[in-house]
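One structure below.
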There are 2 protein chains.
Amino acid sequence: MKRTTIQDIADKTGYSKTAVSFAFNSPSRISKKAVEAILKAAEELDYIPDPMARNFSLGKHMSLGFLLPQRVEYTLMNPYMQSVIRGIATVCQEHGYTLTVIPPLHSSVIEAIKNATVDGIITLGLTIDKNIKGILRQRQMPIVAIDGSLKDEIHSVSIDDEEAAQLQLSKVLEKGHRDIAIISLPDDAYSKRTDETDSVVNKRKKGYMKALEKYSMSLSDLRVLSCATTLQDGMDAARTILNERKPTCFVTMSDVVAFGIMEVLNELDLDISVVGFDGVEIEDFHTTRLTTIHQSGNEKGKQSAKVLFSLIDGEKAPLKTLIPYSFNEGVTLKETI
Amino acid sequence: MKRTTIQDIADKTGYSKTAVSFAFNSPSRISKKAVEAILKAAEELDYIPDPMARNFSLGKHMSLGFLLPQRVEYTLMNPYMQSVIRGIATVCQEHGYTLTVIPPLHSSVIEAIKNATVDGIITLGLTIDKNIKGILRQRQMPIVAIDGSLKDEIHSVSIDDEEAAQLQLSKVLEKGHRDIAIISLPDDAYSKRTDETDSVVNKRKKGYMKALEKYSMSLSDLRVLSCATTLQDGMDAARTILNERKPTCFVTMSDVVAFGIMEVLNELDLDISVVGFDGVEIEDFHTTRLTTIHQSGNEKGKQSAKVLFSLIDGEKAPLKTLIPYSFNEGVTLKETI
DNA sequence: CTGTTAGCGCGTTCAA
DNA sequence: TTGAACGCGCTAACAG
């Protein structure tokens with residue numbers, strides 16, 4: 001048996017398709033008698049307007065897209081991502097929208113963008129280049145970038161990464177640490193190429209340099225390593241650093257990596273300080289009190305969705321949205337002895 | 001400026017719309033010369049086929065829907081849900097599909113189902129009644145229920161909740177605990193009405209009864225309270241129980257609730273055992289070693305998506321899929337003194 | 001084998 | 001209150 005369509009209702013009642021459509025969307029356009037007859041028939045035939053046909057006709061999708069920069073297994077493992085998703089979904093819910101999670105299609109982010117049936121896209125940690133911009137322009141689809149490198153005029157949501165990183169390292173230096181290992185993010189995770197000066201990684205490195213200046217130090221005085229944001233990669237990074245020489249403190253750009261490092265320190269029973277970045281424990285249910293820079297993924301998600309809805313509605317929205325961050329004192333950053 | 005459509009390519013090349021469509025979808029159907037000319041023109045005009053029009057024409061959506069049983073702020077806060085989502089998204093990614101997260105529409109799950117533009121739906125902790133089933137039948141949309149009450153023949157994925165709960169409480173009883181507080185799930189979270197005998201809550205209670213039988217006890221010998229699966233509600237539940245009388249052990253149906261309880265016990269410096277259910281810490285980054293029943297949300301998500309894809313492809317799939325669970329020994333269940 | 005015409009899917013909306 | 005066109009790509013059927 002086929003779906004009941006608007007035509008079936010029209011046939012059954014003797015009214016036209018147009019009348020049926022009006023009965024649902026603008027009842028005042030036709031007589032009460034007609035509306036009643038049509039709704040009754042619709043009820044009897046279990047009629048449900050086909051959402052896809054409806055959206056196609058209206059030129060809307062009723063969904064925002066969240067584009068995953070990497071594979072699902074990797075990206076959705078990060079609790080920071082999860083809170084961003086929650087923030088986006090919260091705003092979608094208010095607007096009667098759904099949230100479409102878009103994995104790379106055949107390993108290609110570009111392909112995914114071409115095929116997404118959404119009204120707008122939110123990215124996280126992606127370099128928005130001419131290539132991507134071109135596709136979105138052709139598709140007339142607005143975009144908001146969270147934590148991304150922007151090669152163009154693009155709406156973005158982030159914290160002041162440079163300032164936050166400066167604060168993070170300053171706290172470490174204040175505690176007397178000098179032999180510090182910085183575990184950075186992979187260059188390709190938050191920017192396609194290392195030379196994107198406005199990438200999150202580079203902004204934070206700039207912040208680190210500023211913090212070091214006060215102590216007449218520079219980045220080259222520290223060990224800098226980068227690794228993917230997984231527990232396992234954090235553990236590997238810790239071992240790599242420790243095999244060379246024990247630092248007095250690990251400064252990371254991600255809580256997840258920090259947790260990985262702590263895992264190793266725990267195994268080896270080492271008392272070395274660790275500082276994170278993201279503050280996932282606050283919003284989730286982590287009970288280890290990691291010292292970290294807290295930025296609200298939830299808030300980033302909400303703000304980006306709000307900006308995106310403005311763009312979809314054709315309204316103006318600020319090009320840059322900065323959200324607050326804070327230093328969260330835990331128990332993992334200690335004074336040097 | 002308008003989008004480039006298939007017609008524009010046809011006009012520019014002198015070929016028909018059909019030829020253009022063939023050039024993209026069945027290049028072998030027309031001459032090489034034609035294909036080249038068309039692709040070249042498409043390239044020059046930055047043509048991208050409109051995914052919505054394409055899907056509409058093909059009668060597909062290229063997306064699976066995950067229906068949230070409650071509001072986003074609540075549902076997506078649970079790390080267990082997050083791992084289920086990850087599992088679903090992983091399989092979607094393999095199939096070149098997206099994952100549509102569907103919040104209740106205007107607070108109505110029913111409305112959300114009517115409007116979702118997806119090829120199939122996965123639910124979690126929802127009672128699938130005639131009402132929902134009817135809509136999905138009319139929309140010809142397959143469904144797979146995770147942890148739900150089934151009023152009908154519906155494909156489901158879950159663990160053996162009765163057996164798992166029996167194991168959970170048995171471990172507690174073996175340790176000598178007799179004054180036990182069971183913190184159950186809210187009846188309306190995992191079943192609309194309390195009398196759904198096949199709801200997760202009821203299955204687990206049945207398991208508890210079996211465990212108690214061996215000690216000639218019954219559920220009425222324990223205190224049973226239910227609360228929502230949030231940290232805060234867990235804390236409230238703990239205080240309610242403690243105000244009355246201190247138990248020697250809290251047995252919960254959710255890790256999140258267990259974490260809330262531990263928070264309170266920590267505050268009051270009480271040494272009372274706590275046992276969880278879900279095992280979220282294993283897949284995420286929790287470092288508190290909670291004693292819990294581990295069930296893989298990720299696996300549930302994957303299995304349900306696989307079953308759903310089978311149904312979408314018109315293949316047969318087992319009505320019930322059981323996935324494994326395990327008792328995870330942590331440090332929070334101690335011998336009674 | 002190559003290419004075209006025409007119609008479909010389904011609900012919305014303009015012009016009458 | 002309605003017929004017809006529309007949105008856009010797909011495809012059965014047909015002609016050369």
Side-chain angles (χ1 to χ4, degrees), chain A residues 1-39 41-42 45-62 114-119 135 138-141, chain B residues 1-39 41-42 45-62 114-119 135 138-141:
Chain A
M1 52 191 156
K2 296 208 315 281
R3 294 189 63 262
T4 303
T5 71
I6 206 170
Q7 184 65 59
D8 297 326
I9 312 288
D11 292 346
K12 174 154 184 174
T13 59
Y15 287 100
S16 65
K17 287 200 305 175
T18 307
V20 177
S21 180
F22 281 149
F24 282 93
N25 304 309
S26 348
S28 60
R29 284 284 268 100
I30 52 177
S31 70
K32 264 183 195 165
K33 191 197 301 178
V35 173
E36 282 170 22
I38 290 170
L39 293 185
L45 296 179
D46 287 327
Y47 171 65
I48 298 167
D50 182 331
M52 176 143 69
R54 187 161 204 281
N55 289 343
F56 179 51
S57 188
L58 293 172
K60 293 204 162 197
H61 302 81
M62 301 305 284
K114 285 186 184 167
N115 288 283
T117 54
V118 295
D119 293 313
I135 292 170
Q138 176 61 26
R139 290 203 56 193
Q140 309 192 139
M141 189 173 289
Chain B
M1 50 191 157
K2 296 208 314 281
R3 294 188 64 261
T4 303
T5 72
I6 206 170
Q7 184 66 58
D8 297 326
I9 312 287
D11 292 346
K12 174 154 183 174
T13 59
Y15 286 100
S16 66
K17 288 200 304 174
T18 306
V20 178
S21 180
F22 281 150
F24 282 94
N25 304 309
S26 347
S28 61
R29 183 68 177 66
I30 52 177
S31 70
K32 266 183 193 165
K33 190 197 302 177
V35 172
E36 280 170 22
I38 290 170
L39 293 185
L45 295 178
D46 287 327
Y47 172 65
I48 298 167
D50 183 333
M52 176 142 68
R54 188 162 204 281
N55 290 342
F56 180 51
S57 187
L58 293 172
K60 292 204 163 199
H61 301 79
M62 301 305 285
K114 286 186 184 168
N115 289 283
T117 55
V118 294
D119 293 313
I135 292 170
Q138 175 61 26
R139 290 203 55 194
Q140 309 191 139
M141 190 172 288

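Letters go in sequence order (proteins before strands), and every chain restarts at 1. As the structure is a prediction and not an experimental result, all values here were calculated from the model.
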Check your understanding: Is the closest side-chain heavy-atom distance between Phe24(B) and Leu39(B) below 4.5 Å?
Key -> yes
5' to 3', nucleotides 9-16 of chain D under a 4.0 Å protein heavy-atom cut-off (B base, S sugar-phosphate only, - none) gives BBBBB---
So Ile30(B) and Val35(B), do their side chains get closer than 4.5 Å, heavy atoms only? yes
Separation of dC8(D) atom C1' from Asn55(A) atom CG, nearest Å, is 15 Å
The side chain to side chain contact (heavy atoms under 4.5 Å, CB included) partners of Ala41(A) (sequence neighbours excluded) come to Ile9(A), Lys12(A), Thr13(A)
Test your reading of the model: is there a side-chain donor-acceptor pair from Asn55(A) to the backbone of Met52(A), 3.5 Å cut-off? no
- Item | Side-chain (Asp119(B)) to main-chain (Lys60(B)) donor-acceptor, under 3.5 angstrom | no
Counted 5' to 3', the first and last nucleotides of DNA chain C within 4.0 Å (strictly under) of a heavy-atom of chain B are dT2(C) to dC10(C)
Please tell me if the side chains of Thr117(A) and Thr117(B) come closer than 4.5 Å, counting only heavy atoms from C-beta onward. no
Heavy-atom nearest pair, Lys114(A) first then Ile48(B), reads O-CG2, 4.0 Å
Exercise for the section: Kindly indicate whether the side chain of Asn115(A), heavy atoms from C-beta on, has any atom under 4.5 Å from the side chain of Met62(B). Expected result: no
